[in-house]
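What follows is a set of notes on a single structure, which appears directly below.
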2 protein chains.
Amino acid sequence: MATPSMEDYLERIYKLIDEKGYARVSDIAEGLEVHPSSVTKMIQKLDKDNYLIYEKYRGLMLTPKGKKMGKRLVERHQLLENFLTIIGVQEDNIYKDVEGIEHHLSWDSITCIETLVEYFRRDPGRTDELLNVRKELEADN
Amino acid sequence: MATPSMEDYLERIYKLIDEKGYARVSDIAEGLEVHPSSVTKMIQKLDKDNYLIYEKYRGLMLTPKGKKMGKRLVERHQLLENFLTIIGVQEDNIYKDVEGIEHHLSWDSITCIETLVEYFRRDPGRTDELLNVRKELEADN
DNA sequence: GGGGAAATAAAGCAATGGCTACGCCTAGCA
DNA sequence: TGCTAGGCGTAGCCATTGCTTTATTTCCCC
């Protein structure tokens, strides 16, 4: 099983490859705000766990396993951002909260949240009603 | 700011006091599945941070700050369980997921989730509709 | 072929939390 | 009142997770 940090790296790597076609150590380091040496170490771990194939100084390639996981991680992150946005969490809190919880939810929960987001997407009136509940609760104080 | 583990202890302590009137080291240890010595250490930390007043061998008392926080933590835990239940997460996953995320959500997010839970509570038809969305999504695969 | 940017290796540190071993209190029984 | 068992406390240690620092290596391009 991947640790939270491994997931962060994998997510970042997937995104970089998706956007630029490759993932360099320095780009990964910059994105995650860590030093390059930390990246090298983690890449070696990800290689050992077969998420990617790593060749020193040459670069890396995601394995099918790594691609699949990376994709899920990126989608999961996006989903959670959408979810928090929909229910009315302030922009400033969203990023940190997603960072905090994304590694701790079962795929079962993720699926259910997906459903929930789809539920609100299908009928915007539902979001309005949610907002009404909010206003009422706020009025009660 | 309290660390995740501090929150777990505080939550447990609050619950014990609420239910039995007092919180003994051994009860806390049992509840959290740790050794008593770990409990003593953490209690000292919680005392230092003014969540409780601790007298060796005598027991402990939550301060107003500790009571307030403990209450919030217990309620937060319950809320998250309710939330996951409502959206259809399997029982077996709920406890671990709540354990995982409870320490990583801003109070803003908690409030929004509270609203969401209230939204579904007010009209059970909404839960039915959510279930319908789920069935449709499942059918699509 | 040499210089500099990028990458890697090795060692170490810091935070968090837990455990073991042992010694100390104190309630409750005799 | 005094003893003792069980609960509690202290000190020191360990593991994990990640990150940094420093020093070295490699690659690429002029």
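Just so it is clear: chains get the letters A, B, ... in the order the sequence lines come, proteins before strands, and each one is counted from 1. In what follows, every heavy atom counts, from backbone to side chain, and hydrogens, waters and symmetry copies are set aside.
Per the geometry, CZ belonging to A:R24 stands 16 Å off C1' belonging to C:dT8, to the nearest Å. Between A:Y22 atom OH and C:dA7 atom C1' the separation is 15 Å, expressed in whole Å. The NE2 atom of B:H104 sits 12 Å away from the C1' atom of C:dT16 (whole-angstrom rounding). Atom CG in A:L60 sits roughly 14 Å away from atom C1' in C:dA6 (whole-Å rounding). Per the geometry, CD belonging to A:E30 stands 15 Å off C1' belonging to C:dA5, to the nearest Å. The interatomic distance linking A:I43 (CD1) with C:dA9 (P) rounds to 11 Å, in whole Å. For the pair B:K48 NZ and D:dT10 C1', the interatomic distance rounds to 16 Å; values are reported in whole Å.
Open room surrounds NZ on B:K68; 12 or fewer heavy atoms of other groups in view lie less than 6.0 Å from it. Counting heavy atoms of neighbouring residues, nucleotides and ligands inside a 6.0 Å radius, atom CD of A:E91 does not exceed 12 of them.
Applying the 4.0 Å criterion to OP1 and OP2 of C:dA7, one finds that A:Y54 has every side-chain N and O outside that range.
The shortest side-chain heavy-atom distance between B:L62 and B:L10 falls under the 4.5 Å cut-off.
Under 3.5 Å, the side chains of B:N82 and B:Q78 contain a donor-acceptor pair of N or O atoms. B:S106 and A:D97 share a donor-acceptor pair across their side chains, judged by distance under 3.5 Å alone.
Side-chain atoms of B:D108 come within 3.5 Å of backbone N or O of A:Q90 as a donor-acceptor pair.
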*Indicate for each nucleotide in nucleotides 17-30 of chain D, in 5' to 3' sequence, whether protein heavy atoms under 4.0 Å reach the base (B), only the sugar-phosphate (S), or nothing (-).*
-SBBB---BSS---

